[in-house]
Novice: 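Take this structure, written in structure tokens, and hold onto it; I'll ask about it next.
In the text below, chain A, chain B and the rest are named by the order of the sequence lines, each starting its count at 1.
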Amino acid sequence: MDFSFTPEQDAFKEKVTGFAQAELNEGDLKQRDADCVLSRDLWKKIADFGILGLPFDKNYGGSEQDIITTVLAMEALGYGCRDNGLLFSMNGQMWTVQMPIAQFGTDAQKDKYLRGLIKGELIGAHGITEAEAGSDVMALSTTATRDGDDYVLNGAKVFCTNGPVADVFVIFATVDKSAGSLGLTGFVVERDTPGLIVSENRKKMGLRTSPMAWLTLEDCRVPVSARIGKEGQGGRIFNNSMEWERASILANLVGAMEYQVEECIRHANKRTQFRKPIGKFQSVSNRIVDMKLRHETSRLLLYKVAWLKKTKGSAAMEAALAKLYLSEAWVASCQNSVVIHGGYGYMADHEVERDFRDAVGSLLYSGTSDIQRTIAARALGL
Amino acid sequence: MDAQTVEQDDVHKTIYDYLVEHSGVNVSGGIDPEENLLDSGILDSLGIAEITEFVEKTFDIAIDEDEITSQNYRTVTAFTAFCREKIAASAK
Ligand SMILES: Cc1cc2nc3c(=O)[nH]c(=O)nc-3n(C[C@H](O)[C@H](O)[C@H](O)COP(=O)(O)OP(=O)(O)OC[C@H]3O[C@@H](n4cnc5c(N)ncnc54)[C@H](O)[C@@H]3O)c2cc1C
């Protein structure tokens, strides 16, 4: 394993940090969080800076960076930008909408959608989870029935990140229920397609600046040209997205953890009780040391996944282990951060409270901790 | 195992034994050669990746992503026939 970065990678990471600190904390985040609003201005800034195109083909507006550079950029965004929901939405689009189209889509699909998504002109959402198919997502029951040159989609999706504001949806359905996961097939569905019904934003505990919808597909007719890849390739497309997503969403968290440690140190040195800065009490300093340890170990796991993906192409078990560890570490550190800030940390106008609410979702999205353990156990031969 | 010396029945037995040992669901009553492995839960999505890796190593064959289809993986009979074809092709 070699985690030494090139001078260009280091410089790029620093540039992204500067961009995130200067440009992505504009506006009233507290208000956006309260109103559950995704900032289109910040979204456009992210796109204009080139983030949405980082690992994608230059022909479609990307910059063909490798996964290590991409992960470093994501880490820098997590460090510099306080809007976790914005970054979550961005990752959702990049790995579960752009990546399937880029890797499995036709040139026409890339031309029509990937270009606009990378430019920030289109917003994408991903619908696979269903009411009866969550962790067991391959058991989904939305059907795609071939009818001449079309497919007709019927079913319902839940937890669709970006749904309320999305222009295009990557939807998974089965073309043959008896084929299990080998019946799954992906489709690009445009928002105004008759039969696609998108709910209003569904309120949730955290990540409120990342809107979420429920979808209904009622005789929703799409042309065969909307299919991503071949019939039955959906499981592979989805697993590939998840591996990218697990590596990259986590990178945001690693950056956020670094910021959080620094912020807790600032607070612990400034806040005085019993005529001492609270950081001088070992209970408080130990808590911060534990947070630092979680940050360092998380970072190593993340870099290992990125390195394995770059050198070996796939890192399913390591991505699962990293997702499991990082999400739990992030939640534990957010809880520590609330406690270090005392009663103020519990108040809604303080960002540590928001971080804590945002963090809990990480135990669930991209597969729950239990599912990551299942993937790792299977890879270990258990 | 050397792919070229694999007896036809060995292919079936190797696959069958692997599935019985690694199935995600209880198959203590055995697996019918025509039972649908994909919708019975015997082969879930991880299981498909695992058995692919297993037969690639055991029979010294290479399976292309495009060959991982419901036709080839649906039953023990279909999967055995598919593996035999791959073994024969790699022996040429
Ligand atoms: C913030 C957020 C954003 C999301 N965005 C999207 C999106 O954009 N698109 C999309 O399609 N989906 C999305 N999801 C859905 C997400 O992928 C699912 O919530 C997740 O896979 C879990 O499914 P479930 O909620 O149905 O829980 P369930 O599967 O019902 O799980 C409930 C509990 O049972 C446990 N469990 C289930 N099966 C097992 C098992 N085999 N072994 C051990 N424990 C098990 C789980 O770990 C969990 O603790 C999002 C979810 C969240 C929270």
Novice: Quick check on A:Glu218: does its CD atom have over 12 non-hydrogen neighbours (other residues, nucleotides or ligands) under 6.0 Å away?
Specialist: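 No, not enclosed.
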Novice: Using a 6.0 Å cut-off, check whether atom CD of A:Glu64 has over 12 heavy atoms from anything other than its own residue.
Specialist: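 Counting other residues, nucleotides and ligands, CD of A:Glu64 exceeds 12 neighbours.
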Novice: Return the minimal non-hydrogen interatomic distance between A:Ser178 and B:Asp39, and the atom names on each side.
Specialist: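 Taking A:Ser178 first and B:Asp39 second, the nearest heavy atoms are O-CB, 3.5 Å.
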Novice: Using non-hydrogen atoms and a 4.5 Å limit, figure out which bit of A:Lys177 sits close to chain B: side chain, backbone, both or neither.
Specialist: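 For A:Lys177, the backbone is the part near chain B, not the side chain.
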Novice: Please say whether more than 12 non-hydrogen atoms of neighbouring residues, nucleotides or ligands are located less than 6.0 Å from CD in B:Glu67.
Specialist: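 Counting neighbours around CD of B:Glu67, more than 12 heavy atoms of other residues, nucleotides or ligands fall under 6.0 Å, so yes.
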Novice: Any idea which heavy atoms bring B:Gly47 and A:Arg378 closest together, and the distance?
Specialist: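 Looks like N-NH2, 3.1 Å.
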Novice: Does any heavy atom of chain B fall under 4.5 Å from the side chain of A:Asp176, the backbone, both, or neither of them?
Specialist: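 Just its side chain gets close to chain B.
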Novice: With only heavy atoms counted, which part of A:Gln233 is less than 4.5 Å from chain B, the side chain, the backbone, both or neither?
Specialist: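 Just its side chain gets close to chain B.
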Novice: Between A:Ser181 and B:Ile48, which heavy-atom pair has the shortest distance, and what is it?
Specialist: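 Looking at all heavy atoms of both residues, the closest pair is OG-CD1, 3.3 Å.
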Novice: Are there more than 12 heavy atoms of other residues, nucleotides or ligands under 6.0 Å from atom CG of B:Asp17?
Specialist: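 More than 12 heavy atoms, drawn from other residues, nucleotides or ligands, come within 6.0 Å of this atom.
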Novice: How long is the span from the CG atom in A:Asp136 to the OG atom in B:Ser45, to the nearest 0.5 Å?
Specialist: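 Answer rounded to 0.5 Å: 9.0 Å.
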Novice: Could you tell me which of A:Gly232, A:Ala179, A:Ala139 has the largest number of non-hydrogen atom pairs under 4.5 Å with chain B?
Specialist: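 It is A:Ala179.
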Novice: Has B:Glu21 got more than 12 heavy atoms of other residues, nucleotides or ligands less than 6.0 Å from its CD?
Specialist: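 No, the 6.0 Å shell around CD holds no more than 12 heavy atoms from other groups.
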Novice: Would you please name every residue forming a salt bridge (Lys or Arg N to Asp or Glu O under 4.0 Å) with A:Lys112, sequence neighbours left out?
Specialist: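 Salt bridge (Lys or Arg N to Asp or Glu O under 4.0 Å) list for A:Lys112, sorted by chain: A:Glu190.
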Novice: For each of B:Glu65, B:His22, B:Gln71, B:Arg74, tally heavy-atom pairs with chain A at distances under 4.5 Å, and name the one with the top tally.
Specialist: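 Most heavy-atom pairs under 4.5 Å with chain A: B:Glu65.
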Novice: What do the steps show when you test B:Asp44 against A:Met138 for side chain to side chain contact (heavy atoms under 4.5 Å, CB included), and what is the final call?
Specialist: CA-CA 8 Å; B:Asp44 61 11; A:Met138 301 287 169; over 6 Å; no
